[in-house]
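Residue numbering restarts at 1 for every chain, and letters A, B, ... go by the order of the sequence lines. Just so you know, these numbers use all the heavy atoms, side chains as well, and skip hydrogens, waters and symmetry mates.
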Number of protein chains: 2
Amino acid sequence: MNIGEAAQASGIPAKTIRYYEDTGLIPAADRSRSGYRVYDGRDVHTLRFIHRAREPGSSVQDIRKLLALWQDRTRASAEVKALALAHLSELDEKLAKLKAMRRTLAHLVAHCEGDHRPDCPILDDLAGEAAEPLQGNGGLRFN
Amino acid sequence: MNIGEAAQASGIPAKTIRYYEDTGLIPAADRSRSGYRVYDGRDVHTLRFIHRAREPGSSVQDIRKLLALWQDRTRASAEVKALALAHLSELDEKLAKLKAMRRTLAHLVAHCEGDHRPDCPILDDLAGEAAEPLQGNGGLRFN
DNA sequence: GGTTGACCTTACCACCGCTGGAACCTTTAT
DNA sequence: ATAAAGGTTCCAGCGGTGGTAAGGTCAACC
């Protein structure tokens, strides 16, 4: 299959696939006699792996590691597990932040009239509190 | 207060604050006689607003809009509410994806022996399933 | 066989949201 | 007076992606 089909099947744009190849994240694809990149099911599998692991906000470096481990079956599972656990805790952090944000936003939407008056309190409240407790700040507003 | 202090108080690096000023996200700060940027409580307030709204993966364009609305009290709250709602649904999407990822990873970690054997199934499983149902894929593994 | 149109190739340049560095100036502490 | 800590500007780069250009290749149709 050509790159377009592989892109469709994996969810990664053709451009990005070439980029991944350039930067060594994936090995160079085989070429047809005419120079077209040729992919098979295994390649798509790998691309999907990447696509899956690449949720927005995560570094490609992590995926590179994950991928390397995945492809090197001689490694001890302990290493893999440790990596996965690290990834997991990062994920949890991100989740917590997003949840806090979501909660605040939902709360504020609920308190916004949504009419023509200019005094919707949403953004004032949104501005008032910080997500991370780096500095102690006054009254936390989201329950 | 100088930029460093404002950075500390807002959680945004000084460098990034300058960048925000350059790109017009925030207005140019007042300057001291010697050219230092000077910030007050209100500025920090704004910066915290930005820091708070800027969770990883969200476009700065959204924040620009939010900020513009926040600072223009003459707008109808309906507009603000609509924007907040849109932001909320985006957030929910992101949350769902992260949760799915988290669930899968947790499941796999639980099934990994974590010893010296090279057959930890984590990554194979991780590679096996796609997050988005773009193409029908075989047996979905995460419950 | 010839032509069309979709797809592929490389190569470059630009963007976004930062981040780091260089070179220099100002404030503060000793 | 001097050193350190902070500020200033500007320039360059990153990852990841989109756009463009100039061209080669493939399948289908007349």
Side-chain angles (χ1 to χ4, degrees), chain A residues 1-40 43-44 46-68 87 90 94 97, chain B residues 1-40 43-44 46-68 87 90 94 97 131-132:
Chain A
M1 96 182 50
N2 286 338
I3 197 170
E5 205 174 339
Q8 194 109 13
S10 68
I12 301 180
K15 203 119 206 239
T16 306
I17 295 179
R18 292 195 198 98
Y19 169 74
Y20 284 163
E21 183 181 315
D22 279 358
T23 56
L25 180 60
I26 53 175
D30 290 341
R31 300 297 183 112
S32 73
R33 202 161 25 232
S34 57
Y36 284 19
R37 286 175 184 81
V38 179
Y39 300 88
D40 61 15
D43 296 324
V44 171
T46 301
L47 287 171
R48 280 159 77 102
F49 172 91
I50 293 171
H51 185 53
R52 177 132 177 58
R54 264 253 49 189
E55 91 275 15
S58 89
S59 79
V60 173
Q61 217 53 5
D62 291 345
I63 290 140
R64 202 180 293 272
K65 276 191 251 161
L66 237 56
L67 202 56
H87 205 75
E90 271 177 44
K94 231 169 280 176
K97 275 190 193 171
Chain B
M1 93 181 57
N2 286 338
I3 198 169
E5 207 175 336
Q8 194 108 12
S10 68
I12 302 181
K15 207 114 208 235
T16 307
I17 296 179
R18 292 195 198 97
Y19 167 74
Y20 283 163
E21 183 180 315
D22 279 358
T23 55
L25 181 59
I26 53 175
D30 291 339
R31 299 297 183 112
S32 73
R33 206 162 20 237
S34 57
Y36 281 21
R37 285 175 184 81
V38 179
Y39 300 88
D40 61 14
D43 296 325
V44 171
T46 302
L47 288 171
R48 280 158 79 102
F49 171 91
I50 294 170
H51 184 52
R52 178 131 176 59
R54 260 258 54 187
E55 92 275 14
S58 88
S59 80
V60 173
Q61 215 55 2
D62 292 345
I63 289 140
R64 202 180 293 271
K65 278 190 248 161
L66 237 57
L67 202 56
H87 203 76
E90 270 176 44
K94 231 169 281 174
K97 274 189 192 172
E132 59 289 287

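Within the structure, a side-chain polar atom (N or O) of Tyr20(B) is placed less than 4.0 Å from OP1 or OP2 of dC18(C). Between Thr16(A) and dT17(D) there is a side-chain polar atom (N or O) within less than 4.0 angstrom of OP1 or OP2. Between Arg37(A) and dT10(C), a side-chain N or O to OP1/OP2 separation shorter than 4.0 Å is present. Thr23(B) has no side-chain polar atom (N or O) that falls below the 4.0 Å cut-off from OP1 or OP2 of dC16(C).
Looking at the side chain of Ile3(B), the nearest of the listed nucleotides dT8(D), dC8(C), dT17(D) is dT8(D). Considering only side-chain atoms of Arg18(A), the nucleotide from dG15(D), dT10(C), dG7(D) that sits closest is dT10(C). Here the side chain of Arg31(A) is nearest to one of dT19(C), dT9(C), dG15(D), namely dT9(C).
Considering only residues two or more places apart in sequence or on other chains, Arg37(A) meets the side chain to side chain donor-acceptor pair (under 3.5 Å) condition with Glu21(A).
Within the model, atoms CE of Met1(A) and CD of Glu5(A) stand 5.0 Å from one another, a figure rounded to the nearest 0.5 Å.
In terms of heavy atoms, Arg18(A) sits closest to Ile3(A) at CG-CD1, 3.6 Å. Between Pro13(A) and Ala7(A) the shortest heavy-atom distance is C-CB, 4.1 Å. Across Ala9(B) and Val44(B), no two heavy atoms sit closer than the pair CB-CG1, 3.8 Å. Contact record, Leu47(A) with Ile12(A): O-CD1, 3.3 Å, taken as the closest heavy-atom pair.
Distance alone, capped at 3.5 Å, is enough to place a donor-acceptor pair between the Asp40(A) side chain and the Asp43(A) backbone.
Following rounding to the nearest Å, Gln8(A) (CD) and dA6(C) (P) show an atom-to-atom distance of 15 Å. For the pair Arg33(B) CZ and dG7(D) C1', the computed distance is 16 Å after rounding to whole Å. The nearest whole Å value for the distance from the OH atom in Tyr19(A) to the C1' atom in dC15(C) is 14 Å. The nearest whole Å value for the distance from the CD atom in Glu21(A) to the C1' atom in dG15(D) is 17 Å. Computed from coordinates, the Asp22(B) CG to dC10(D) C1' distance equals 10 Å when rounded to whole Å. As rounded to whole Å, 12 Å separates atom P of dG18(D) from atom CD1 of Ile17(A). In this structure, CD of Glu5(B) is placed 11 Å from P of dG6(D), rounded to the nearest angstrom. When rounded to the nearest whole Å, the span between CE of Met1(A) and C1' of dC7(C) equals 15 Å.
Across the interface with DNA chain D, nearest-nucleotide mapping of Pro13(A) and Ala14(B) shows Ala14(B) to be the residue nearer the 5′ end.
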When every nucleotide of nucleotides 20-26 of chain C is labelled 5' to 3' by its protein contacts under 4.0 Å (heavy atoms), B for base, S for sugar-phosphate only, - for none, what sequence of letters results?
BB----B
Assess the residue pair Ile17(A) and Ile26(A) against the criterion (side chain to side chain contact (heavy atoms under 4.5 Å, CB included)); give the C-alpha distance rounded to whole Å, side-chain angles, the decisive distance to 0.1 Å, and a yes or no.
CA-CA 8 Å; Ile17(A) 295 179; Ile26(A) 53 175; 4.1 Å; yes
Are there any protein N/O atoms within less than 3.5 Å of an N/O atom in nucleotides 1-3 of chain D, and if so, which ones and at what distance?
none

